[in-house]
Amino acid sequence: MEKLSIVVPCYNEEDVIDIFYDKLIEITAKISDKYDYEIVFIDDGSSDKTFSKMKSLREKNSKIKIISFSRNFGKEAGIYAGLGSSVGDLVVVMDADLQHPPELILDMIKYIEEGYDTVATRRINRKGEPIFSSFCASMFYKLINKFMEIKLEEGAQDFRMMKRNVVDAILSLDEYNRFSKGIFSWVGFKCKYIEVENVKRAAGKTKWSFGSLWKYAMEGITSFTTAPLKIATIIGILVFVISTIFAFTIIIQTLILGKDVPGYASTIVSVLFMGAIQLLCVGILSEYISKMYMEIKDRPKYIIKEKRN
Ligand code: UDP
Ligand code: MG
């Protein structure tokens, strides 16, 4: 019998974890003739009762594994830890808030049996989300797909089933700055996307703010493309050409036409312009340097406080 591992990163999910578990068990019962299962809960440093709820679920069901982090390390770290301790032939990663309907696991298994290596969901709309965030998100995908050699599927969610070899490939990318969407796409394999409607959280609150979305977007860009660095170089060359032409015109004007009254406007504009361009390029550079800095330190991606196997 094959084994299905269900990896669930949880951060302050005390309101939903029990409902989620009940739903999940209904689904695993439906496939029990063919698949054994294990549930890997990652408690990402929750400050509420998430961990104790996990422990009481485990007392009922020994197929539950728990990894509890010493503090909040972020969902990506949670996914990495969960994948690392999963042993199934098939592994599915999903959120605890029921935005990833457990019944889709059945469809995913069907596609895997048809020969796909990985199956993920893609939402076809962003209903119920702030318009501004949706707009920014869609701009982000357009931009990033233009510059990256890998393609990020717009609307692709972190609800994903993978065969063992895909999981091993993902684990072999052990970078500190983990941008899962990019990593999933980078490793390749034959992937099937199931189109789904956007589902609202069952309970609790989302942990995303505009600031964290911005950080996420930056992470995506700097992890998978160096295009911004090239753009900085191109801007530099352009500005150099323009200012050379400008300098020559001024010299010629002064020497031949004897025009020596300095222009306040042109001086201040070029000083400000040059300053802005330089700060922009330094900013781009520092994005990459800060990422390199964190990678070079080679710190662990998470620290485990407690574990139940
Ligand atoms: N999550 C996590 N660590 C975090 C933030 C979120 O493990 O620092 C988990 C969270 O418990 C949930 C999943 O990641 O199971 C998705 O989080 P959320 O619902 O807040 O994000 P959204 O669905 O809005 O993208
Ligand atoms: Mg959610």
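The residues of the chain are indexed from 1 along the displayed sequence. Order of listing sets the numbers, starting from 1, for every ligand and every atom in it. What you see is a predicted model, and the numbers here were worked out from it, not measured in a lab.
The aromatic rings of F179 and Y216 sit tilted, their planes meeting at an angle between 30° and 60°.
Near C10, meaning under 4.0 Å from one of its heavy atoms, ligand 1 places the atoms 7 (O), 11 (O). Within ligand 1, counting atoms from 1 as listed, the ones closer than 4.0 Å to a heavy atom of D44 are 2 (C), 3 (N), 4 (C), 7 (O), 8 (O). Below 4.0 Å from some heavy atom of E13 lie the following atoms of ligand 1, by number and element: 10 (C), 11 (O), 12 (C), 15 (O). Interface atoms of ligand 1 facing G74, defined by a heavy-atom separation under 4.0 Å, are 3 (N), 8 (O). Near N72, meaning under 4.0 Å from any of its heavy atoms, are these atoms of ligand 1: 3 (N), 4 (C), 8 (O). Every atom of ligand 1 with a heavy atom of Q99 under 4.0 Å away is listed here by number and element: 19 (O), 22 (P), 23 (O). Taking a cut-off of under 4.0 Å to the non-hydrogen atoms of D95, the atoms of ligand 1 that pass are 13 (C), 15 (O), 16 (C), 23 (O).
Atom NZ of K34 sits in a sparse spot, with 12 or fewer heavy atoms from other residues, nucleotides or ligands closer than 6.0 Å.
Taking every heavy atom of both residues into account, Y288 and T222 meet most closely at CE2-O, 3.7 Å. Heavy-atom minimum distance, D97 versus V16: CA-CG2, 4.0 Å.
A salt bridge links E153 with R122: the closest approach of a Lys/Arg side-chain nitrogen to an acidic carboxylate oxygen falls below 4.0 angstrom. Salt bridge status for D44 with K75: absent, with no side-chain N to carboxylate O gap under 4.0 Å.
Just one residue in the list K181, K146, E154 forms a side-chain hydrogen bond (donor to acceptor under 3.5 Å, both in side chains) with Y141, and that residue is K181.
Residue side and main chain included, D95 places no N/O/S atom under 2.8 Å of the Mg ion (ligand 2).
Taking the centre and axis of the six-membered ring of F73, the NZ or CZ atom of R71 falls inside the cone set by 45° and 6.0 Å.
Counting heavy atoms only, P9 comes closest to atom 7 (O) of ligand 1 of the residues G78, P9, A77. Atom 19 (O) of ligand 1 has its nearest heavy-atom neighbour, among I42, D97, V93, I79, in D97.
The name of the N, O or S atom in D97 nearest to the Mg ion (ligand 2) is OD2.
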